[in-house]
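Input: a single structure, listed below in structure tokens.
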Amino acid sequence: MQYWLMKSEPGDIAIDDVLAAPGSAVRWTGVRNYQARNFMRDAMQVGDGILFYHSSCARPGVAGLAMVASAAYPDPTQFDPNSQYFDAKATLAQPRWVSIDVRGIEKTPLLPLMQLRSMPGLEAMLLLQKGSRLSITPVTSCQWQIIDARLHAADVR
DNA sequence: GCCAACGTTGGC
DNA sequence: GCCAACGTTGGC
């Protein structure tokens with residue numbers, strides 16, 4: 001069992017959208033970065049925990065919890081000429097990009113990026129490294145526990 | 001909108 | 001293989 005952080009633009013797919021989807025699950029499409037793809041293809045397993053992160057928005061931060069709900073399979077948008085994610089170099093025989101299914105678990109109080117930066121024990125999080133842009137990053141179980149505890153702490157601020 | 005940082009492309 | 005140019009990400 002491993003843990004991950006996945007970025008999503010809430011204007012595109014917010015945690016609410018995942019939870020509202022049939023079976024609380026959505027297909028994760030449009031990843032066009034090889035490192036992120038390799039995580040999905042080679043490392044992510046059903047049941048892995050996901051920190052659902054809202055990026056490129058007014059209040060970036062962890063907005064909920066989710067889990068990996070499928071193994072990797074070819075991302076259908078790479079074959080669709082009408083998709084913004086179409087890739088002319090991908091073929092059915094040799095797909096280039098993969099999707100996984102992501103199942104929402106819960107929406108949490110927003111844990112803003114700035115707070116993550118200030119929390120002891122998270123200094124090594126890939127998300128927080130200078131220039132980090134990866135949309136999928138591994139999270140250690142230590143980091144997960146620190147964040148999970150904070151997300152579920154009584155609301156006393 | 002700005003801009004730093006990163007990834008990809010393509011000429012050589 | 002090098003590296004400049006370009007496009008994208010994402011916080012602010």
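Values reported hereafter were calculated over all heavy atoms of this structure, with side chains retained and with hydrogens, waters and symmetry mates removed. Chain letters run A, B, ... following the sequence lines, proteins first and then strands; every chain starts at 1.
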Show the numbers, then the answer: is there a side chain to side chain donor-acceptor pair (under 3.5 Å) between A:Tyr34 and A:Arg96? CA-CA 9 Å; A:Tyr34 289 104; A:Arg96 196 184 264 207; 3.3 Å; yes
Heavy atoms under 4.0 Å is the rule here; annotate nucleotides 1-7 of chain C 5' to 3' with B where the base is hit, S where only the sugar-phosphate is, and - elsewhere. ------B
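Remark: the backbone N or O of A:Gln129 is not paired with any side-chain donor or acceptor of A:Glu123 at under 3.5 angstrom. Between the A:Asn38 side chain and the A:Gln35 main chain, no donor and acceptor come within less than 3.5 Å of each other. The main-chain N or O of A:Thr140 is found under 3.5 Å from a side-chain atom of A:Gln143 such that the two form a donor-acceptor pair.
One atom, CG of A:Leu134, and another, C1' of C:dG10, lie 13 Å apart when rounded to the nearest Å. Atoms CZ (A:Arg117) and P (C:dG10) sit 13 Å apart, rounded to a whole Å. The CD atom of A:Gln129 sits 15 Å away from the P atom of C:dG10 (whole-angstrom rounding). A:Leu128 has its CG atom 11 Å from the P atom of C:dC12, to the nearest Å. Across the protein-nucleic acid pair, A:Arg32 atom CZ and B:dT9 atom P stand 13 Å apart, rounded to whole Å. Following rounding to the nearest Å, A:Glu9 (CD) and C:dG11 (C1') show an atom-to-atom distance of 12 Å.
A:Ile100 and A:Met67 are not part of a single hydrophobic cluster, where members link through side-chain heavy atoms under 4.5 Å apart. A:Val31 and A:Tyr85 fall into different hydrophobic clusters, defined by Ile, Leu, Val, Met, Phe, Trp and Tyr side-chain heavy atoms under 4.5 Å apart, directly or through other members.
Applying side chain to side chain contact (heavy atoms under 4.5 Å, CB included) to A:Lys107 and the options A:Asp16, A:Val18, A:Leu65 leaves one that passes, A:Asp16.
Within residues 74-88 of chain A, no residue approaches DNA chain C, by heavy-atom distance under 4.0 Å. Within residues 53-63 of chain A, the residues having any heavy atom under 4.0 Å from DNA chain C are, by residue number, A:Tyr53, A:Ser55, A:Ser56, A:Pro60.
Note: A:Trp4 and A:Phe39 have tilted aromatic rings, judged against thresholds of 30 and 60 degrees for the angle between ring planes.
For the residue pair A:Asp101 and A:Tyr73, a side-chain donor N or O sits within less than 3.5 Å of a side-chain acceptor on the partner.
Between A:Asp87 and A:Arg32, none of the side-chain N atoms (NZ, or NE/NH1/NH2) sits under 4.0 Å from a carboxylate O, so this pair counts as no salt bridge.
The shortest distance between side-chain heavy atoms of A:Ile50 and A:Leu5 does not fall below 4.5 Å.
OP1 and OP2 of C:dT9 both lie 4.0 Å or more from every side-chain N or O belonging to A:Lys7.
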